[in-house]
Participant: 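So that we are looking at the same thing, I have put the structure below in structure tokens.
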Amino acid sequence: MTSASPDTILLAWYDRNHRHLPWRSPPDTYANPYHVWLSEIMLQQTTVAAVRPYYLTFLSRWPTVEALAAADDGDVMAAWAGLGYYARARNLLSCARIIVRDHDGHFPGTEQALLTLPGIGAYTAAAIASIAFGQRAVVVDGNVERVMARLHAVTDPLPGAKKHLRTLADALTPQQRCGDYAQAVMDLGATLCSPRSPNCQICPWVSLCKGYHQGIAAELPYKTAKTKRPGRYGTVFWITDPEGTVLLRQRPPRGLLGGMTEIPSTPWQEAPWTLEDSTPHAPIQGETWHTIAGTVHHTFSHFDLELKVIAGTVAQTGNIAGRWVKPEHFDKEALPSVMRKVIRHMQKQDTS
DNA sequence: GACGCGTGGCG
DNA sequence: TCGCCAAGCGT
């Protein structure tokens, strides 16, 4: 007798257990390339739970790549606000406009062509090519790396082991049902073969899994130690006019929170700010500042931030660089989470 | 290849 | 409270 191949075993598991996600199509069908692309960009380093509402909002507001390409930049950034990694939103718009301008509104169907588009790297190109176009492509994300490391008991640490893990993933990738297979491995990693406590007992691959048989599956993949997150400090200037309108401004188009709306602030430096050092950075001078009690803490990918807030009022809003926005219109702004924390902090002051 | 780039949830 | 983690990409 012959035993089923690993990919056949996994696909059978997927047919029984696949999750219903808004961007997915039924097994054995090709999904809409626009849907696959939009979801894959949002899912980069981001959980399904976080993506779901954003995906539904985007698809509702911009149902096609043509609609997205025609969208206003500020509307797209505002709709992305809170999801993080804002370069993805800038690249999303840029990519949509290239698709419409150079590709007649159709996504290319090969990995090689997809790779030339902004925001689409090795993983996303392979995902779109396989899931939306049925091409054989080796899809390697964090899930696949973890599953391969466990299945083959790879003990060399990441990121050094990446090339080896890709080779192992390539060897397992079938010629048929390529999109379903890609989603199946990722589903396996996201549900059973999870980072902390894998559910090996009901895993379709348990009998093949070297990591399981060596008793080290849950520990894999090993990773090289990370350095501790440094701390940074800033002072935010909460400036209002007599009617409670607040001074906002735009951040530079690239870099941290690039293109997003901010509340004016000192630079974010390694040492705490004194009041005297802070105020020269304010958008207005000669102000009487009122220190707001407490601090706002926020963790970015590569540093921890602690913000103090000082408040001031101006009689006239003219001749000050920035935009004056009423609080009831904040929800239309491209305000990242750290700035919404500052706003919440100020609203707590009002009610206490 | 290393680093910059967000956020929220979870053990 | 804290470190880890998520369907990575661009430079």
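Throughout, protein chains are lettered first and strands after them, A, B, ... in sequence-line order, and every chain is numbered starting at 1.
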Participant: Taking only the side-chain nitrogens and oxygens of A:His302, find out if one of them lies under 4.0 Å from OP1 or OP2 of B:dC5.
Facilitator: yes
Participant: Give one of base, sugar-phosphate or nothing for A:Leu115, where a contact means two heavy atoms less than 4.0 Å apart.
Facilitator: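 Result for A:Leu115 = nothing.
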Participant: So A:Arg19, base contact, sugar-phosphate only, or nothing? Heavy-atom distance under 4.0 Å.
Facilitator: base
Participant: Measure from CD1 on A:Ile41 to P on B:dG6 and round the result to the nearest Å.
Facilitator: 15 Å
Participant: Identify whether any heavy atom of A:Val48 sits under 4.0 Å from a base atom; if not, whether one sits that close to sugar-phosphate; answer base, sugar-phosphate or nothing.
Facilitator: base
Participant: Could you identify which residues cluster with A:Tyr30, counting Ile, Leu, Val, Met, Phe, Trp and Tyr as linked when any side-chain heavy atoms lie under 4.5 Å apart, either directly or through a chain of such contacts?
Facilitator: none
Participant: Heavy atoms under 4.0 Å, any strand shown: does A:Ala122 hit a base, just sugar-phosphate, or nothing?
Facilitator: sugar-phosphate
Participant: Select base, sugar-phosphate, or nothing to describe what A:Trp23 touches, counting heavy atoms under 4.0 Å on all strands.
Facilitator: base
Participant: Sequence neighbours excluded and cut-off under 3.5 Å, please list the side-chain donor-acceptor pairs for residues 157-169 of chain A, or say none.
Facilitator:
residue	atom	partner	partner atom	Å
A:Lys162	NZ	A:Glu145	OE1	3.4
A:Lys162	NZ	A:Glu145	OE2	2.9
A:Thr167	OG1	A:Lys163	O	3.1

Participant: For C:dT11 and B:dG6, measure between their P atoms and round to the nearest Å.
Facilitator: 14 Å
Participant: Measure up the A:Trp37 and A:Phe107 rings against each other and bin them: parallel (under 30°), tilted (30 to 60°), perpendicular (over 60°).
Facilitator: tilted
Participant: A:Arg177: what forms a side-chain contact (heavy atoms from CB on, under 4.5 Å) with it, not counting sequence neighbours?
Facilitator: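 A:Arg177 satisfies side-chain contact (heavy atoms from CB on, under 4.5 Å) with A:Leu11, A:Asp15, A:Pro27, A:Asp28, A:Asp180 once adjacent residues are dropped.
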Participant: Which residues satisfy the side-chain contact (heavy atoms from CB on, under 4.5 Å) test with A:Thr29, sequence neighbours excluded?
Facilitator: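 Partners of A:Thr29 by the side-chain contact (heavy atoms from CB on, under 4.5 Å) criterion, ordered by chain and then number, come out as A:Ser25, A:Pro26.
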Participant: Starting from the 5' end of DNA chain C, give me the residue, A:Gly119 or A:Glu40, whose nearest nucleotide shows up first.
Facilitator: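 Going by which nucleotide is closer to the 5' end, it is A:Glu40.
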Participant: List the atom pairs, with distances to 0.1 Å, where a side-chain N or O of residues 283-297 of chain A and a protein N or O form a donor-acceptor pair under 3.5 Å, not counting sequence neighbours.
Facilitator:
residue	atom	partner	partner atom	Å
A:Gln285	NE2	A:Thr279	O	3.3
A:Gln285	NE2	A:Pro280	O	3.4
A:Gln285	NE2	A:Ala282	O	3.0
A:Glu287	OE2	A:Thr313	N	3.3
A:Thr295	OG1	A:His297	NE2	3.0

Participant: Mind checking A:Arg254 for me? I need base, sugar-phosphate or nothing, with any heavy atom below 4.0 Å counting as a touch.
Facilitator: nothing
Participant: Polar atom pairs between nucleotides 7-11 of chain B and protein, under 3.5 Å, N or O only, would you list them?
Facilitator:
residue	atom	partner	partner atom	Å
B:dT7	OP1	A:Tyr86	OH	2.8
B:dT7	OP1	A:Ser337	N	2.7
B:dT7	OP2	A:His298	NE2	2.6
B:dT7	O3'	A:Ser337	OG	3.1
B:dG8	OP1	A:Ser337	OG	3.2

Participant: Between B:dC5 atom C1' and A:Trp268 atom CH2, what is the distance in whole Å?
Facilitator: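 Taking atom C1' of B:dC5 as the reference, CH2 of A:Trp268 is at 12 Å.
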Participant: Closest to the A:Lys228 side chain: C:dA6, C:dG3, C:dG8?
Facilitator: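 Given the options C:dA6, C:dG3, C:dG8, the side chain of A:Lys228 is closest to C:dG3.
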